[in-house]
Number of protein chains: 2
Amino acid sequence: MPRPKKDAALDISRKAVEETIRLLSKRDDFDVPLAAVAEAVGCTAPALYGHFRNKDALLRAVHDAGFRRLYEEKRARAKHFRAEPLAYLRACSHAYAQFAFDNPTLYRLMFSPPPSLAADQGPLSTDLGRSVLELVVKAIRACQKQGLLPGADPKRYAFTFWAAVHGAVSLALQNRAPDEKIRQDAALVVVDTLLEIITATAPDRR
Amino acid sequence: MPRPKKDAALDISRKAVEETIRLLSKRDDFDVPLAAVAEAVGCTAPALYGHFRNKDALLRAVHDAGFRRLYEEKRARAKHFRAEPLAYLRACSHAYAQFAFDNPTLYRLMFSPPPSLAADQGPLSTDLGRSVLELVVKAIRACQKQGLLPGADPKRYAFTFWAAVHGAVSLALQNRAPDEKIRQDAALVVVDTLLEIITATAPDRR
DNA sequence: GCAAGAAACTTAACAATATTCAGTTAGCGG
DNA sequence: CCGCTAACTGAATATTGTTAAGTTTCTTGC
C-alpha cells in the first residue's frame, strides 16, 4: 500500500520523534533499531528516510525535542517562584534533575551525544542551549538585586551553577557518587550546597 | 596459523585495551569495529572473544583503564602541590580537564557510558571512582585545616566540587557554553570561580 | 474527466559488523 | 612419539542501517 490515504499525513516526522523518545525510555543505549521506530509509527524503516536524511538526523531531532521539553518543564515548574530568586533557582534545578531522572537515556543523548549529532551546531540546537542557560542567568541577576553574590559576573556564575547541577545529575545517573545516601539524591544535595553558598554571600546577615 | 609462537603472548588483553584507546581517539563515537581492534592487535576479531566475553566487556576494560590513567595523571600532576591545598585543587582540576580535552571520546565512555557497561558495578570500577573523588576530599580537608570552608561537610563539598568540574568539562566538550570566549576554557573558568568562592570563605581576610 | 508526473510508500537487496561454529595447529605431559 | 588442550583462524549467521527498484495514490495541466 504505497502512498498513504492523504490524512494519515499527521507528519510522520513528529510521530517518529515522539515514538523514538518513548522507545529510548525503555533502553539503556541510543541504539534503538530504526525498524522498531518504524513499527511504532506505523510504517516501514525505509519510509523514515523520506523525512530524515539518516538515523543521525532522527536522533538529532530527538535531541532537539528533548531540549524543548526540558526548557518547557523548567519554565512551567518554576514560574510560580518568579519573585523569590533562590526558590526559583531551586525549583529550576529540581525540575532539571527530575527531567534527567525521568528520562535518563534521553538526557544522555542530549548532553553526551556522539559529536556527530551536535557538531554542526544548528542554530536551533545552540539557541535551545542558550535558552536553558538564560533562565539561570536571569535568576542570578535577580539574586544580585537582593544583595547576594555582590560583584560577581552573572554569566560566569550562571554557567558554574549550571555546570554543577549538570555534573551532579550526570554523576548521579551512573552511580558514581561516594555512598548510597548521597548517591540517591546527589543532585539535590549539590543544589542545596550551591544555594547555601549563595546565601552565605549575603552582606547583611548575622 | 593457529596457536601463536608462544612469545607473542604479550597478553592480547592489554594490547587490545591500549589499541582500543588509541582508536577511540580518532573517532567521535565508541563504535570502533572489533575488526579494527583485532587488526591493530595483530589477530582476527573472533580471537578477542577468548579474552573478553563480548564487545561490552572490552569497552568496560577500556573504561576502567581510562580511570586508572586519569587517577595517575591527577596524582602525578598535583603531587608537587601537596602543601598548598588551593594550588593542589587547581592542579588536580586542570589535570582533569586536560585529560578530558586530550581524550574526549574516552572521557565520554568513562562518564556517560551506556549503563550496560557500568551497571554491574564491579568493585574495581567503584573503587576507581572513589579514588578519584578521595583526592578531592583530602584537598577539601586540607583547606579546612587552613580555616577555609568552616563547618562544611568535606564529602559533600568535595562531591559538589567534582560535579562542577565534571559538568563544566562535559558541557565544554560539546560547545554548549554561552559564548566563544567562555566556551574555550569554560572548565578552567569554572575551576577559578570555585576556588574564588572557597577563598572567600576565609574568616580572617579583609 | 484524464493522462502524465510527482510523492510517498513498499518490498527486496546490500553492506557493515557483532557473534558463533567447526576446524587446525602449536606446544606440552606422558 | 602420542594424544590433548589451548588459542587461534576462516567461514557462517543474525542484526541493522541504508539504497534501489517498483507500485500505487494524489495532483495538476489540458
Side-chain angles (χ1 to χ4, degrees), chain A residues 1-24 26-63 105 109 113-117 119, chain B residues 1-24 26-63 105 109 113-117 119:
Chain A
M1 318 72 183
R3 193 164 195 192
K5 292 297 172 51
K6 171 70 177 298
D7 60 327
L10 266 187
D11 258 26
I12 279 189
S13 314
R14 213 180 303 265
K15 209 168 176 183
V17 171
E18 268 174 36
E19 294 297 333
T20 303
I21 290 181
R22 201 152 56 78
L23 290 172
L24 279 181
K26 303 182 175 175
R27 294 200 133 253
D28 268 359
D29 48 42
F30 346 113
D31 298 333
V32 40
L34 267 191
V37 176
E39 188 187 356
V41 167
C43 66
T44 61
L48 296 173
Y49 284 76
H51 302 266
F52 303 94
R53 179 157 43 214
N54 54 19
K55 191 179 180 180
D56 276 4
L58 167 60
L59 285 183
R60 195 167 70 225
V62 170
H63 165 277
T105 306
L109 179 65
S116 37
L117 293 193
Chain B
M1 319 63 188
R3 194 159 195 199
K5 293 295 170 56
K6 171 72 174 300
D7 61 326
L10 268 187
D11 259 26
I12 280 189
S13 315
R14 213 180 304 266
K15 210 167 176 183
V17 170
E18 267 174 37
E19 293 299 331
T20 304
I21 290 181
R22 200 152 55 77
L23 289 172
L24 278 181
K26 301 182 176 174
R27 293 200 133 252
D28 268 0
D29 49 42
F30 341 115
D31 299 334
V32 39
L34 224 39
V37 176
E39 189 187 357
V41 168
C43 66
T44 61
L48 296 173
Y49 284 76
H51 302 266
F52 303 93
R53 182 163 34 222
N54 54 21
K55 191 178 179 180
D56 276 4
L58 167 61
L59 286 183
R60 193 166 72 224
V62 170
H63 165 276
T105 306
L109 179 66
S116 38
L117 293 193

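Order of the sequence lines sets the chain letters (A, B, ...), proteins ahead of strands, with each chain counted from 1. Keep in mind that what you see is a predicted model, and the values were worked out from it rather than measured.
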For this session: Can you run down the salt bridge (charged side-chain N to carboxylate O under 4.0 Å, His left out) pairs that involve residues 35-56 of chain A, sequence neighbours left out, and say none if there aren't any?
Result: none
Problem set entry | Passing option when B:V32 is tested against B:T20, B:V62, B:I21 for side chain to side chain contact (heavy atoms under 4.5 Å, CB included) | B:T20
For this session: Check B:L48 against B:C43 and note the closest heavy-atom contact, atom names and distance.
Result: CD2-SG, 4.2 Å
Problem set entry | Bend angle of the helix from C:dG1-D:dC30 to C:dG30-D:dC1, from helix axes over five pairs at each end, nearest 10° | 0°
Exercise. Where do B:K15 and B:A40 come nearest, in terms of heavy atoms and distance?
Worked result: CE-O, 4.5 Å
For this session: Report the distance from atom CG of B:D29 to atom P of C:dA18, rounded to the nearest whole Å.
Result: 11 Å
For this session: Mind running a 4.0 Å heavy-atom check of residues 43-52 of chain B against DNA chain D and sending the residues that fall below it, in number order?
Result: B:C43, B:T44, B:P46, B:A47, B:H51
Problem set entry | Ion pair check, A:E19 and A:R22, cut-off under 4.0 Å | yes
Exercise. Rounded to whole angstroms, how far apart are CD on B:E39 and P on C:dA16?
Worked result: 15 Å
Exercise. Once you round it to whole Å, what is the distance between P of D:dA7 and CG of B:D11?
Worked result: 10 Å
Problem set entry | Between CG on residue A:L117 and CZ on residue A:F30, distance to nearest 0.5 Å | 8.0 Å
Exercise. Just how far, in rounded Å, is P of C:dT19 from NZ of B:K55?
Worked result: 8 Å
Problem set entry | Partner residues of B:P33 under the side chain to side chain contact (heavy atoms under 4.5 Å, CB included) criterion, sequence neighbours left out | B:R27, B:A36
For this session: For A:I12 and C:dA7, give me the distance from atom CD1 to atom C1', rounded to whole Å.
Result: 12 Å
Exercise. Under 4.0 angstrom, heavy atoms only, what part of the nucleic acid is B:N54 near: base, sugar-phosphate, or nothing?
Worked result: sugar-phosphate
Exercise. Whole-Å distance between C:dT17 P and B:F30 CZ?
Worked result: 17 Å
Exercise. Atom CG of B:D56 and atom C1' of C:dT19: how far apart are they, to the nearest Å?
Worked result: 12 Å
Exercise. How many angstroms lie between CG in B:D29 and CG in B:L24, if you round to the nearest 0.5 Å?
Worked result: 9.0 Å
Exercise. When we call it a touch if two heavy atoms are under 4.0 Å apart, what does B:V37 touch: a base, just sugar-phosphate, or nothing?
Worked result: nothing
For this session: Round to a whole Å and report the spacing from CG of B:L59 to P of C:dA18.
Result: 10 Å
Problem set entry | Nearest heavy atoms of A:L109 and A:H63, plus distance in Å | O-CD2, 3.4 Å
